[in-house]
Amino acid sequence: MQEQYRTLAREGVHEIEINKSRFICALAPVATEAEAQDFIARIRKEHPAARHHCFAYVLGADGSVQKASDDGEPGGTAGVPMLQMLVRREVRYVVAVVTRYFGGVKLGAGGLIRAYGGVVGEALDTLGTVTRQRFRLVTVTVDHQRAGRLENDLRTTGRTVREVTYGAEVSIELGLPESDLDTFRAWLADTTAGTARLELGGEAYGEL
């Protein structure tokens, strides 16, 4: 499994104009193909008068799912350069939709390729990216007396606390790099005088 991947920091829009044609790039982080298709449909509804809504998306931490559409533009001049830009920038779990309002001047195949790929690149620069790291989920169970200090120690040592649950005891769920598990076990035993219990869970990705 991929140790880390880069994705879009936030949803947003970036627009350029070339020879009176408007190219409006909408980008969004998405987890599934269904979410990507819903976003594409939403953008179509927002711009019903536009001639083209070309799209590309990359899913999977390893980029295993890749789709693109020229939506009526000459073959290979829109969706493919958009997809190539996403792949070149190594972003994952992201969808790009470029809406074009035709300005009356034909750009030619080369001009379209540069425009569609270029506006996606500029949109990525504008919105920014974040890196997500693969973590092992672990749950630490401790008594109420030690819980507050332990949670504070976890946060101040830079560990990713995901959830804290209060019951008869306190359960703290956090994400750890796999390579940190042995060191963490020793640290936890030392910090809680051996009173805390550690349970390993599944895997997830979280921001670095």
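- For S171, the side-chain contact (heavy atoms from CB on, under 4.5 Å) partners at least two apart in sequence or on another chain are T139, T141, T165.
- Between Y205 and Y5, the angle of the ring planes goes over 60°, which puts this pair in the perpendicular group of the 30/60° scheme.
- Contact annotation: the side chain of L8 never approaches that of V30 to less than 4.5 Å [non-hydrogen atoms, C-beta and beyond].
- Inter-residue side-chain proximity for T160 and L174 is flagged as unmet; no heavy-atom pair is nearer than 4.5 Å.
- Q66 meets the side-chain hydrogen bond (donor to acceptor under 3.5 Å, both in side chains) test with no other residue; sequence neighbours excluded.
- Just one of Q84, E73, H52 meets the side-chain hydrogen bond (donor to acceptor under 3.5 Å, both in side chains) condition when paired with Y116; it is E73.
- Taken to the nearest 0.5 Å, the CD atom of Q4 stands 12.0 Å off from the CZ atom of R132.
- Shown here for V142 and E169, the closest heavy-atom pair between the two residues is O-CB, 3.5 Å.
- Expressed to the nearest 0.5 Å, how far CG of L112 lies from CZ of F23 amounts to 6.0 Å.
- When every heavy atom of D70 is checked against every heavy atom of A78, the shortest pair comes out as OD1-N, 3.2 Å.
- For the pair V91/V58, no side-chain contact is recorded, criterion being any heavy-atom separation below 4.5 Å from C-beta on.
- The line from OG1 of T131 to CZ of R92 is 11.5 Å long, rounded to the nearest 0.5 Å.
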Test log, rule side-chain contact (heavy atoms from CB on, under 4.5 Å), inputs L181 and L176:
CA-CA 7 Å; L181 280 176; L176 296 172; 3.9 Å; yes
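- Residue T157 comes nearest to L154 through the heavy atom pair OG1-O, 3.0 Å, listed as atom of the first residue, atom of the second, then distance.
- Side chains of F135 and D180 form no contact here, defined as non-hydrogen atoms less than 4.5 Å apart.
- In the hydrophobic cluster analysis, where Ile, Leu, Val, Met, Phe, Trp and Tyr join through side-chain heavy atoms closer than 4.5 angstrom, V120 is grouped together with V87.
- In the hydrophobic clustering of this structure, M85 does not group with F55; members are Ile, Leu, Val, Met, Phe, Trp, Tyr whose side-chain heavy atoms approach within less than 4.5 Å, directly or through other members.
- Annotation: side chain of Y101 is in contact with side chain of I24 (closest heavy-atom distance under 4.5 Å).
- Nearest heavy atom pair, residue A9 against residue V130, reads CB-CG1, 4.0 Å.
- In this structure, CZ on R162 lies 5.0 Å from CG on L137, to the nearest 0.5 angstrom.
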Could you go through the side-chain contact (heavy atoms from CB on, under 4.5 Å) check for L86 and V95 one step at a time?
CA-CA 9 Å; L86 295 177; V95 58; over 6 Å; no
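- Atom CZ of R149 has 12 or fewer heavy atoms from other residues, nucleotides or ligands within 6.0 Å.
- Closest of all the heavy-atom pairs between A56 and L83 is CB-N, 3.6 Å.
- Under a hydrophobic-cluster definition in which Ile, Leu, Val, Met, Phe, Trp and Tyr are linked whenever side-chain heavy atoms come within less than 4.5 Å, directly or via other members, I43 and L27 are assigned to different clusters.
- Side-chain N or O atoms of R6 include one that pairs as donor or acceptor with a backbone N or O of R89 at under 3.5 Å.
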Show, in sequence, the C-alpha distance, side-chain angles and deciding distance for E203 and E178, and conclude whether the side-chain contact (heavy atoms from CB on, under 4.5 Å) test is met.
CA-CA 9 Å; E203 295 181 336; E178 197 82 32; 3.8 Å; yes
Chi angles and distances behind the side-chain contact (heavy atoms from CB on, under 4.5 Å) call for V119, R22:
CA-CA 10 Å; V119 72; R22 293 172 63 202; over 6 Å; no
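- Taken from CZ in R197 to CG in L188, the straight-line distance is 11.5 Å, to the nearest 0.5 Å.
- We find the CG-CD distance between L150 and Q145 to be 12.5 Å, quoted to the nearest 0.5 Å.
- Counting heavy atoms from C-beta outward, I113 and T77 have side chains that approach closer than 4.5 Å.
- Linking ILVMFWY residues whenever their side-chain heavy atoms come closer than 4.5 Å, directly or via other members, leaves V97 and M82 in distinct clusters.
- When side chains are defined from C-beta on, W187 counts as touching R159, because their heavy atoms get closer than 4.5 Å.
- Proximity of L127 to H14: side-chain heavy atoms (C-beta onward) are nowhere separated by under 4.5 Å.
- By the rule that hydrophobic residues join a cluster once side-chain heavy atoms approach within less than 4.5 Å of another member, Y57 and L124 end up as members of separate clusters.
- Remark: the R100 side chain and the S21 side chain contain an N/O donor-acceptor pair separated by less than 3.5 Å.
- Side-chain contact check for D62 and S64: at least one donor-acceptor pair (N or O, by modelled atom type) lies under 3.5 Å.
- At least one donor-acceptor pair closer than 3.5 Å links the side chain of H53 to the backbone N or O of H47.
- Nearest heavy-atom pair, I18 versus A115, reported as atom, atom and distance to 0.1 Å: CD1-CB, 3.6 Å.
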